[in-house]
Protein chains: 2
Amino acid sequence: MEDEVDRLVAAWRRERPDLDVEPLEVLSRVSRLARHLDRARRLAFAEHSLEPWEFDVLTALRRAGTPYQLSPGQLLTQTLVTSGTMTNRIDRLAKKGLVERLPDPSDRRGVLVRLTGEGRDRADQALAGLLEQERAILAELSPAQRTELAGLLRQLTAPFDNIPG
Amino acid sequence: MEDEVDRLVAAWRRERPDLDVEPLEVLSRVSRLARHLDRARRLAFAEHSLEPWEFDVLTALRRAGTPYQLSPGQLLTQTLVTSGTMTNRIDRLAKKGLVERLPDPSDRRGVLVRLTGEGRDRADQALAGLLEQERAILAELSPAQRTELAGLLRQLTAPFDNIPG
DNA sequence: CCCTGATATCTCGATGTCAAGATAATCGTC
DNA sequence: GACGATTATCTTGACATCGAGATATCAGGG
């Protein structure tokens, strides 16, 4: 089945036959798919009254395991936002009672963000919903294809994630 | 090489061994890679004094071919933003002299957005820069792998692009 | 100790995006 | 040929993000 990127690439080949636009076949699809996924996630989380950005922060803390706390800096590398954004996110989540700020006992510059009980429950519920939705999207592919796709994507993400992105 | 999603998945398997988090292997990588690509694109376009959103609109018009004009509605489906956003983008691009608004002769509700000569030049220059950068990112993969990856991604994007996303 | 550079977080103004609703024109049907 | 439903675009207000700079603390060398 044809997608929007097929049309986009065909248009470039007609308009700019002098250029090799093959890279777009992969990377434009990644960008567009991510955009579609954002929309879908927003809908899925609405059932739990959570925004995607809230989910990202809460689940990062949830994954950390007991006592469910990370520094703002650690949250930055996991969520790929800037420090100003993270300060703002923590403020808003704290106001809703989903996280709390604690002073870092070993570094007075630092802060620890800890998940509250309610924050943990909300994260768990939303994760279950998200996985259900994602399974439906991935039903297009066989298990072997999913593994193959994950592996190819890892090769592209690894340089960003390891060499300081 | 391990990436951040490997760590993320391992953490979930430790914290929530009851859940099957396999979908994240694909879809979290897509979202994170898109985020990295956004940053990289922003840097690449800075050389041409263009923002990513400006590039998206200008190149959609450029691809359309002579006379380089599309309706705002057509631009919406290509760029995946809302109508309010597109109105705003067109305003700003028009103010910079990169596009102009024309009344649609066949539908008085409608508008046509046309690329100016300068807009076309800027789009062409930025595209060349982008392709160069993307080729470097994709150098991680063999040509066969790139084709394989594009095909797998197409299977996921096609439902969104065809059934009205 | 004191300085210098690095690190951790926060502040703040500018900006881009979204969602919902307003306006206006077109289409299909009776 | 008038009516209601649909379509195309724009308006508006709320909000999240970014980037640059400010503040405070830490670590190591002299």
Side-chain angles (χ1 to χ4, degrees), chain A residues 31 34-43 45-46 49-58 69-96 98-114 164-165, chain B residues 31 34-43 45-46 49-58 69-96 98-114 164-165:
Chain A
S31 293
R35 203 117 174 79
H36 288 303
L37 291 174
D38 272 349
R39 291 183 173 185
R41 290 206 312 160
R42 191 174 305 275
L43 284 178
F45 292 147
S49 302
L50 272 190
E51 298 295 321
W53 65 262
E54 295 178 297
F55 176 85
D56 287 342
V57 177
L58 296 181
Q69 59 189 24
L70 291 172
S71 70
Q74 290 173 306
L75 288 170
L76 290 190
T77 70
Q78 296 209 29
T79 55
L80 299 177
V81 298
T82 61
S83 66
T85 297
M86 187 52 68
T87 297
N88 189 17
R89 286 184 175 187
I90 296 167
D91 286 347
R92 283 174 282 153
L93 288 170
K95 198 168 298 176
K96 295 177 71 171
L98 302 179
V99 307
E100 51 190 349
R101 268 199 185 84
L102 307 172
D104 182 336
S106 69
D107 184 340
R108 271 183 302 176
R109 293 169 303 181
V111 168
L112 290 176
V113 181
R114 177 151 65 191
Chain B
S31 293
R35 201 115 177 80
H36 287 304
L37 291 174
D38 271 350
R39 291 183 173 185
R41 289 206 313 162
R42 191 174 305 276
L43 284 178
F45 292 148
S49 302
L50 271 189
E51 298 296 322
W53 65 263
E54 295 178 297
F55 176 85
D56 287 342
V57 176
L58 296 180
Q69 58 189 24
L70 292 173
S71 70
Q74 291 173 305
L75 288 171
L76 290 191
T77 71
Q78 296 209 28
T79 55
L80 299 177
V81 296
T82 61
S83 65
T85 297
M86 187 53 68
T87 298
N88 188 17
R89 287 185 175 186
I90 296 167
D91 286 347
R92 285 174 280 154
L93 287 171
K95 197 167 296 177
K96 295 177 73 169
L98 302 180
V99 307
E100 53 191 347
R101 268 200 185 84
L102 307 171
D104 182 337
S106 68
D107 184 340
R108 271 184 300 176
R109 292 170 303 181
V111 168
L112 291 175
V113 181
R114 177 150 66 190

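Chain A is the first sequence line, chain B the second, and so forth, proteins listed ahead of strands; every chain is numbered from 1. Keep in mind it's a predicted model, so treat the numbers as computed, not measured. The basis for the numbers below is simple: all heavy atoms, side chains too, and nothing from hydrogens, waters or symmetry mates.
B:Pro72 is listed as a side-chain neighbour of B:Ile90, based on a closest heavy-atom distance under 4.5 Å. Proximity of B:Leu50 to B:Leu58: side-chain heavy atoms (C-beta onward) are separated by under 4.5 Å at one or more points.
When each of A:Arg35 and A:Asp104 is assigned the nucleotide of DNA chain C bearing its nearest heavy atom, the one mapping closer to the 5' terminus is A:Asp104. Both B:Pro72 and A:Glu51 sit near DNA chain D, but only B:Pro72 has its closest nucleotide nearer the 5' end.
The nearest whole Å value for the distance from the CZ atom in A:Arg42 to the P atom in C:dA20 is 11 Å. Computed from coordinates, the B:Asp107 CG to D:dA8 C1' distance equals 7 Å when rounded to whole Å. The interatomic distance linking B:Leu43 (CG) with D:dC18 (P) rounds to 14 Å, in whole Å. In this structure, CZ of B:Arg108 is placed 18 Å from C1' of D:dC10, rounded to the nearest angstrom.
For B:Arg108, there are no salt bridge (charged side-chain N to carboxylate O under 4.0 Å, His left out) partners at least two apart in sequence or on another chain. A search for side-chain contact (heavy atoms from CB on, under 4.5 Å) contacts involving B:Thr87 returns B:Asp91, B:Arg101, not counting sequence neighbours. For A:Asp38, the side-chain contact (heavy atoms from CB on, under 4.5 Å) partners at least two apart in sequence or on another chain are A:Arg41. Partners of A:Thr85 under the side-chain contact (heavy atoms from CB on, under 4.5 Å) rule, at least two apart in sequence or in another chain, are A:Val81, A:Thr82, A:Arg89. Partners of B:Arg109 according to the salt bridge (charged side-chain N to carboxylate O under 4.0 Å, His left out) rule, which considers only residues two or more places apart in sequence or in another chain, are B:Asp107. The side-chain contact (heavy atoms from CB on, under 4.5 Å) test applied to A:Ala34 returns B:Val30, B:Ala34, not counting sequence neighbours. By the side chain to side chain donor-acceptor pair (under 3.5 Å) test, A:Glu51 pairs with A:Arg42, sequence neighbours left out. Among residues two or more places apart in sequence or in another chain, the side chain to side chain donor-acceptor pair (under 3.5 Å) test is passed with A:Ser49 by none.
For B:Arg101, a side-chain nitrogen or oxygen approaches OP1 or OP2 of D:dC10 to under 4.0 Å.
B:Arg35 places a side-chain N or O within donor-acceptor distance of the main-chain N or O of A:Leu80, the cut-off being under 3.5 Å.
Remark: B:Val81, B:Thr82, B:Gly84, B:Thr85, B:Asn88, B:Arg89, B:Arg92 in residues 79-94 of chain B come within less than 4.0 Å of DNA chain C through at least one heavy atom.
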- request: Report, as a single string ordered 5' to 3', how protein heavy atoms within less than 4.0 Å touch nucleotides 1-7 of chain C: B base, S sugar-phosphate only, - not at all.
  value: ------B
Look for any protein N or O under 3.5 Å of an N or O in nucleotides 1-5 of chain D and output each such pair with its distance, or none.
none

